[in-house]
Protein chains: 2
Amino acid sequence: MRLVIATCAVDYEGRLSAHLPTATRLLMVKADGSVSVHSDDRAYKPLNWMTQPCELRAEPGRWVVSNPKGETLTITIDEVHLDVQHELGADPGLQKHGVEAQLQELLAANPGFLSQGLRLVRREYPTDIGPVDLLCRDAAGQAVAVEIKRRGEIDGVEQLARYLERLDLDGRLRPVRGILAAQRIKPQAQVLATARGIECVEVDCERLRGAGVERLTLF
Amino acid sequence: MRLVIATCAVDYEGRLSAHLPTATRLLMVKADGSVSVHSDDRAYKPLNWMTQPCELRAEPGRWVVSNPKGETLTITIDEVHLDVQHELGADPGLQKHGVEAQLQELLAANPGFLSQGLRLVRREYPTDIGPVDLLCRDAAGQAVAVEIKRRGEIDGVEQLARYLERLDLDGRLRPVRGILAAQRIKPQAQVLATARGIECVEVDCERLRGAGVERLTLF
DNA sequence: CTATATATCTCGTTG
DNA sequence: CAACGAGGTATATAG
C-alpha cells in the first residue's frame, strides 16, 4: 500500500463527470491497483476512487488511472507532503454474524411469535420468482407466507405481495395470508402493507431470543 | 488525519458482530473523529469503520471507538509499523454532474423522444406520495406520467405504478399513461412493467443529447 | 429529528 | 457475464 498526502486536483470521467478543486488530500494506492482519494472527514466513502481492475500511469505531477470500461481518474499533483509505502500482505477477511439470517432462524423455530398457533411448513419455500422466507399454516389451517427483513420497507411489502400473487395460483395453498416481519417497519411500508392486506409484525430480537426458548419449553 | 499501519485484530459490536483476525492493516483517523480500517485491496470499502459522531479512546495496544448508539469498534494493536499525522484542512468538495438529473433535463426538453407527439406539462409534478418526474400530454391529449431512472429496475416500476394509482384519482387526468424511461431497463422490470400496463423506453443519452437538439430545431 | 431517494453505491451469490 | 438482493450500506435532502 502506498500512501501519498498531496495538494492536488482530481477529475473523474466515467459514469458521471466529477471535479475536485485543488486541496490537500490522501491518495491511497492499494496492492490490487485500486486508487482512492480521501479528505479529512467521512470514514467510509472516498471523495473519488477507481476500483480494481484498473491501471495507474504515474508521471510526476500527474496520475492517470483508467479501467477497461474507459473510465478515467486524473489526479493533478501540485505538491507532495508525504509518500510512504508498506507491504501489508493478504487479509484473512471479516467474520460476520448477520441479523436477517439470525432472525429467520429464530422465527423458523418460533413461528407462533408472529401469530398465535402458526406452524412452520418450510423455510425458503420456492416459487418461480424466488423463495419465500417461511411458509406456515395458521391455527385454522390457512397458508401463511412470511417475508423476513431486518428493516421493513416498501420493497419488502411489494416483494411479499408478488409472492402472494404467485402462491395464490396454487389451489392447495389459496388463499394465502401474508406477514411481513422485521425488527422495525417504516410507516410508509405499514400503510402499503395494510392496503395490500398484509400483516406487519415488528420483532424484538432480544425478546425473541429469550422468550422463544421459553415458548418452546412451555408448549 | 492520522495514518497508522499496524498489526492488529479488530472487533465490531453493533448492528452485527464482526471479527477481524490479526493482520497488518491501515488505520485511518480523520479530523471529524471517524475511524476506518483498510486492507491492501478494495479502493472503496474499509474492512471496518466507525462513522462520525464517535469517540476514540486510544490506550497503548488498544483503541476503542464508540458512538452514541452504543456501537463499538475495538482495535487490538500488536505492533505499529508507521504512525504519521498531517493536517489536510477542509475540502472544497466534489462537483458532480449526475446522470439522472441530466436525463430529466434532456427529456423535459424533448419529451417527443419518449413517445411521438408528447408535450411537457410540468416537471416534478406533485402527488401526495411524492413528485412524478415528468407529467406530459400525448398527441391525443391523454395525460402521461414519466418516471426517469438511470437504470430501470423493479423498484422504478412499482414507484411509477403507485404514482399512476394516485394520478388516476384526479378526474382531470384520468386515465393516465405511464412511461418508465432509463438508460437501460432490466428484463425483470420490463416484464413487470408490461404486466402493469406501463411502457418502457430505453434512452441513449448520447443520441438524445445530439438528436434532441436536432429535433428542437426541426419542429 | 425522521423518512425517503440516490449511489461512479460495493459486494456477494446465482443462473 | 448479467441479474438480483443485501448492506453495520453511506449520504443528501425534504418534511
Exercise. B:Met50 near the nucleic acid: base, sugar-phosphate alone, or nothing, with a heavy-atom cut-off under 4.0 Å?
Worked result: base
Exercise. Looking across every strand, which nucleic acid part, if any, lies under 4.0 Å from A:Tyr12 by heavy atom: base, sugar-phosphate, or nothing?
Worked result: base
Tell me the interatomic distance from [X], atom [atom1], to [N], atom [atom2], rounded to whole angstroms.
X: A:Arg151; N: C:dA5; atom1: CZ; atom2: C1'; answer: 14 Å
X: A:Asn67; N: C:dT10; atom1: CG; atom2: P; answer: 11 Å
X: A:Leu47; N: C:dA7; atom1: CG; atom2: P; answer: 17 Å
X: A:Leu192; N: C:dA3; atom1: CG; atom2: P; answer: 16 Å
X: B:Asp41; N: C:dT10; atom1: CG; atom2: P; answer: 15 Å
X: B:Lys69; N: C:dT2; atom1: NZ; atom2: P; answer: 10 Å
X: A:Lys149; N: D:dG7; atom1: NZ; atom2: C1'; answer: 12 Å
X: A:Gln183; N: D:dA6; atom1: CD; atom2: P; answer: 15 Å

Please pick, from [options], the nucleotide with the shortest atom-to-atom distance to any side-chain atom of [X].
X: A:Lys186; options: C:dT4, C:dT10, D:dC4; answer: C:dT4
X: A:Lys45; options: D:dA6, D:dT11, C:dT6; answer: D:dT11
X: A:Gln159; options: C:dT4, D:dA6, C:dG12; answer: D:dA6
X: B:Arg42; options: C:dC9, C:dA3, C:dC11; answer: C:dC11
X: B:Trp49; options: D:dA10, C:dA3, C:dC11; answer: D:dA10
X: A:Arg15; options: C:dT10, D:dA10, D:dA6; answer: C:dT10

Problem set entry | Closest-nucleotide ordering on DNA chain C, the 5'-leading residue of A:Ile154 and B:Tyr44 | A:Ile154
Problem set entry | Closest heavy-atom pair and its distance - A:Leu160, A:Leu180 | CD2-N, 3.9 Å
Exercise. Which heavy-atom pair separates A:Leu73 from A:Met50 by the least distance, and what is that distance?
Worked result: N-CE, 3.5 Å
Exercise. Is there a donor in the side chain of B:Ser66 and an acceptor in the side chain of B:Arg57, or the other way round, less than 3.5 Å apart?
Worked result: no
For this session: Decide if atom CZ of B:Arg62 counts as having more than 12 heavy atoms of other residues, nucleotides or ligands within a radius under 6.0 Å.
Result: no
Problem set entry | C:dA3 OP1/OP2 closer than 4.0 Å to side-chain N/O of A:Arg184 | yes
Exercise. Is a donor on one side and an acceptor on the other found under 3.5 Å between the side chain of B:Asp32 and the backbone of A:Arg42?
Worked result: yes
